Amino acid sequence: MSNPQPLEEEAYDMSGARLALTLCVTKAREGSEADLDALERMFQQLGFESTMKRDPTAQQFQEELDKFQQAMDARDDFISCAFVVLMAHGLEGRLKGEDGEMVELEDLFKVLNNKNCRALRAKPKVYIVQACRGEQRDPGETVSGDDIVMITKDNPQTIPTYTDILHVYSTVEGYIAYRHDKEGSCFIQTLVDVFTERKGPILELLTEVTRRMAEAELVQEGKPRKVNPEIQSTLRKRLYLQ
């Protein structure tokens, strides 16, 4: 039996500008300011140019993201990556703006894909979503101990529309996300701690975030709850922030 070949480690070029946009509904979301403070600290440490907008309406979620994309495409310098943090009340696939109207996450995700944002073509785009994805609560579980033909070319000149994207949700589909009225959300606070304290490729850092959150015991309405993030990745290379 032949020995498996080790993976060749190719990393994204992070020598250029790093941009971050945070859109956060703070109204009726106690603890949001603590999350914004933590994110500002993280982006500063990781060398991001950070923009934060509080209390966008549903329409402004879309407009601010469109402006972010247009500003990047208008720049002459090299851009390495972009982070977009979206914080609001939500349901699966949708966020609630400050005006109570809903915006589709898919519409927000499309703005920076390889087709619509030239500056980020083949560059990593990270969306962090702190919002409920439904009404379900997780009490936790006790743990003991037709053929598809792939055609490859050596030097492809095109790239799929939806590669190089990382979606990080504060909770799995259908479930509630938790937030403390003073200390902020378990998800954002844990993510900032890991991203500022640890080094490694982002997917390994996110595994550590998930591990910490899975171990944490939250008490809500007097009952213990568990919550864990969900990560969806189409990254083609390793992404190092430190």
Side-chain angles (χ1 to χ4, degrees), residues 20-46 48 50-65 68 83-105 108 126-140 167-197 206 208-231:
L21 173 66
T22 301
L23 301 175
C24 177
V25 175
T26 64
K27 291 182 180 173
R29 293 184 70 254
E30 293 80 5
S32 299
E33 291 297 333
D35 285 348
L36 287 170
D37 289 347
L39 286 165
E40 193 60 77
R41 188 178 83 241
M42 178 182 85
F43 286 134
Q44 197 171 354
Q45 184 176 320
L46 296 176
F48 279 76
S50 168
T51 303
M52 294 195 167
K53 301 282 183 186
R54 286 171 172 77
D55 297 317
T57 62
Q59 188 176 346
Q60 285 168 338
F61 266 106
Q62 190 72 51
E63 288 171 354
E64 290 295 338
L65 209 54
F68 188 57
F83 269 55
V84 175
V85 184
L86 305 169
M87 298 196 281
H89 288 296
L91 291 167
E92 180 54 29
R94 293 182 294 165
L95 294 181
K96 188 185 282 190
E98 184 271 332
D99 55 348
E101 297 296 311
M102 301 298 261
V103 61
E104 297 287 331
L105 275 171
L108 301 180
V126 178
Y127 284 89
I128 296 169
V129 184
Q130 162 62 31
C132 291
R133 300 179 72 189
E135 301 294 332
Q136 296 182 68
R137 292 163 171 80
D138 184 359
H167 293 154
V168 187
Y169 294 95
S170 56
T171 186
V172 294
E173 186 175 334
Y175 282 79
I176 273 180
Y178 295 100
R179 195 178 59 257
H180 191 280
D181 58 3
K182 294 190 182 63
E183 294 164 15
S185 63
C186 177
F187 168 62
I188 293 291
Q189 298 296 327
T190 306
L191 183 134
V192 168
D193 285 348
V194 172
F195 278 26
T196 54
E197 293 166 5
L206 288 168
E208 173 66 8
V209 172
T210 303
R211 185 191 70 76
R212 292 188 189 187
M213 287 186 66
E215 285 184 359
E217 195 70 67
L218 302 171
V219 177
Q220 186 239 2
E221 295 160 358
K223 295 177 182 167
R225 304 290 187 196
K226 305 297 281 192
V227 65
N228 62 276
E230 182 175 2
I231 298 134

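Just so it is clear, the structure is predicted and the values come from calculations on it, not from any experiment.
Looking at every heavy atom in both residues, Gly97 comes nearest to Phe61 through CA-CE1, 4.0 Å. The two residues Val25 and Ser32 make their nearest non-hydrogen contact at O-OG, 3.7 Å. Heavy-atom minimum distance, Val209 versus Leu191: CG2-CA, 3.8 Å.
Put simply, CG on Leu36 and NZ on Lys53 are 13.0 Å apart, with the number rounded to the nearest 0.5 Å. The CD atom of Glu101 sits 11.0 Å away from the CZ atom of Arg94 when rounded to the nearest 0.5 Å. Remark: Phe68 CZ to Leu23 CG distance equals 9.0 Å, nearest 0.5 Å. Between the CE atom in Met213 and the CD atom in Glu208 there is a gap of 12.5 Å [rounded to 0.5 Å]. Thr57 contributes atom OG1, which lies 9.0 Å from atom CD of Glu64 (distance to the nearest 0.5 angstrom). For the atom pair CZ of Arg41 and CZ of Phe195, the computed distance is 13.5 Å after rounding to the nearest 0.5 Å.
Looking at Asp99, its side chain does come within 3.5 Å of a backbone N or O of Ala58 through a donor-acceptor pair. Side-chain atoms of His89 come within 3.5 Å of backbone N or O of Ala28 as a donor-acceptor pair. Glu40 places no side-chain N or O within donor-acceptor distance of the main-chain N or O of Asp37, the cut-off being under 3.5 Å. Judged by distance alone, with hydrogens and angles left aside, the side-chain atoms of Ser170 form a donor-acceptor pair with the main-chain N or O of Ala131 at under 3.5 Å.
A 4.5 Å side-chain heavy-atom check between Tyr169 and Pro229 finds every atom pair outside the cut-off. Contact check for Met87 versus Arg54: no side-chain heavy atoms found under the 4.5 Å cut-off.
For Asn228 and Thr210, the side-chain atoms include no donor-acceptor pair closer than 3.5 Å. For the 3.5 Å distance criterion, the side chains of Gln59 and Glu63 qualify, holding a donor opposite an acceptor. Using modelled atom types, one finds a donor on one side chain and an acceptor on the other under 3.5 Å when comparing Asp35 with Gln189.
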With side chain to side chain contact (heavy atoms under 4.5 Å, CB included) as the criterion, how do Val84 and Ile128 come out once you've worked through the C-alpha distance, each side chain's angles and the decisive distance to 0.1 Å? CA-CA 6 Å; Val84 175; Ile128 296 169; over 6 Å; no
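Checked against ring pair (Phe, Tyr, Trp, His ring centres under 6.0 Å), Tyr127 has the following partners two or more places apart in sequence or in another chain: Phe109, His167.
More than 12 non-hydrogen atoms from other residues, nucleotides or ligands lie less than 6.0 angstrom from CD of Gln45.
In summary, Glu33 and Lys27 do not engage in a salt bridge, as defined by a charged side-chain N under 4.0 Å from a carboxylate O. Ion pairing between a basic and an acidic side chain is recognised when a charged N comes within 4.0 Å of a carboxylate O; Glu215 and Arg212 show no such pairing.
Just one residue in the list Leu206, Val85, Val129 forms a side chain to side chain contact (heavy atoms under 4.5 Å, CB included) with Val168, and that residue is Leu206. Phe43 pairs in a side chain to side chain contact (heavy atoms under 4.5 Å, CB included) with only one of the listed residues (Val192, Thr51, Thr22), which is Thr22.
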